[in-house]
There are 2 protein chains.
Amino acid sequence: MAARRKLTRADILDATLDLADESGLAAVTMRAVAERLGVTPMALYRHVGDKQGLLDGLVERLLADQPVPDPELPWRDRLRQHGAAIRATARRHPDVFGLLLARRAATPGARRTRDSVYQALRDGGVPEADVPRVERLLSTFVLGFAASEAGGRFPDGAVADADFAYAEQWFGQLLPGGGPPP
Amino acid sequence: MAARRKLTRADILDATLDLADESGLAAVTMRAVAERLGVTPMALYRHVGDKQGLLDGLVERLLADQPVPDPELPWRDRLRQHGAAIRATARRHPDVFGLLLARRAATPGARRTRDSVYQALRDGGVPEADVPRVERLLSTFVLGFAASEAGGRFPDGAVADADFAYAEQWFGQLLPGGGPPP
DNA sequence: ACCTGAACACCGTTCAAGT
DNA sequence: ACCTGAACACCGTTCAAGT
């Protein structure tokens, strides 16, 4: 509809995300993305490599958009914000979210989030040697939970919220402070 | 290679699982499965509906094959066996395992496993009202962990084993007994 | 009832060509 | 450098037809 001059990688990922949210991951084809941009399918190849590159770009983008909590906040609040942010992403992009668990997360975006969680755990008194392990377990749980939520494995949103709150209490007891949630 | 008389749904799912394990989920096409069975693609439709039905059948089969621990065993051992079994399935069929998290688990196979976990939690002293919630959280964690492992998110198998053992201790502290792992 | 042949609309991707 | 046209080998699925 609009007459755009230059095709960019960001344009392509925008269009892909919109398409996936509207019509599901199965509707994401090189041809459909191209059509949405008013361009020929072959034009995409220069910018994203191939279809695999397109999907990788989507995951990278979701991770990069993940907000990082203010480091001045109490560590528990920072952990809680990370959890809430991932769940929000899963609910907003349920179809794309499945890719997150399937793909190894070695992107810069993933590292930003991980470093923030590391620091929160250190501030919470987790021994330095245990920090990476605890981060892996926490993020595995939260990613799995969010993916389950996105995949419709919970009866409804209220149950998911209650379950997550329950889990926050669980984990909160395990972290050094011993009080409430991460 | 063999001259088989009648094509069955089980034959088709066998061939599909083998194909997925050997060549990945992307290689699972109606045409490739048919060729492996020495049959025409259209012959599959009568038995599995369509491609979606084929993939659903695969998930259903993985769940149905999941062993159920002997009810006479101590409840902690039963929970541990469930966890080990799911991880083993994920390692054996890494490509197919991703479908498990994506699909709602309302199959009979899923119910068998869930009922066994319910009973173990009851035997472990979890209040009846909390049993479904605790089962959801435990299975979310284990499924997420296994999917991460299958997706290569852990540095290597030894780290995964150590992380899982650590997590078992965590959860063990939270369950009524308070001792070691689930 | 069960399988096949032929056909349809759709994929991802390449390659040479245009500007 | 960036985009296009034409083409290739492949999809899932249908339909009428065979046995």
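Per chain, numbering begins at 1; letters A, B, ... match sequence-line order. None of the values given here were measured: they were computed from a predicted structure. Atom set for the values below is all heavy atoms of this structure, side chains included, hydrogens, waters and symmetry mates excluded.
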**Request:** Classify the ring geometry between A/Phe141 and A/Phe164 as parallel (under 30°), tilted (30 to 60°) or perpendicular (over 60°).
**Result:**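 Judged by the thresholds at 30° and 60°, the geometry between A/Phe141 and A/Phe164 is parallel.
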Quick one: [X] [atom1] to [N] [atom2], roughly how many Å, whole number?
X	N	atom1	atom2	result
B/Met30	D/dC10	CE	C1'	15 Å
A/Arg31	D/dG12	CZ	C1'	15 Å
A/Asp50	C/dC11	CG	P	17 Å
A/Leu54	C/dC11	CG	C1'	14 Å
B/Leu7	C/dA1	CG	C1'	13 Å
A/Leu37	D/dT4	CG	C1'	15 Å
A/Leu44	C/dT13	CG	C1'	12 Å
A/Glu35	C/dC10	CD	C1'	13 Å

**Asked** In terms of the nearest nucleotide of DNA chain D, which residue is placed more toward the 5' end: B/Arg46 or B/Lys51?
**Response** B/Lys51
**Request:** Could you check which of C/dC11, C/dC3, D/dT13 has an atom nearest any side-chain atom of A/Thr29?
**Result:** C/dC11
OP1 or OP2 of [N] under 4.0 Å from side-chain N/O of [X]:
X	N	result
B/Tyr45	D/dT14	no
A/His47	D/dC2	no
B/Thr40	C/dC3	no

When you check the gap from the basic side-chain N to the acidic O, do [X] and [Y] get nearer than 4.0 Å?
X	Y	value
A/Glu60	A/Arg9	yes
B/Arg61	B/Asp14	yes
A/Arg80	A/Asp77	yes

**Message:** I need the minimum non-hydrogen distance between A/Arg153 and B/Leu101, along with the two atoms involved.
**Reply:**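 So the minimum-distance heavy-atom pair works out to CD-O, 3.6 Å.
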**Prompt:** Considering Watson-Crick and G-U wobble pairs with both distances under 3.5 Å, what does D/dT19 pair with?
**Reply:** C/dA1
**Prompt:** Does any nucleotide pair with C/dA9 by Watson-Crick or G-U wobble geometry, both distances under 3.5 Å, and what is it?
**Reply:** none
**Request:** Using the closest heavy atom to pick a nucleotide of DNA chain C for each, name whichever of A/Met42 or A/Ala27 lands nearer the 5' end.
**Result:**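 Closest to the 5' end, via its nearest nucleotide, is A/Ala27.
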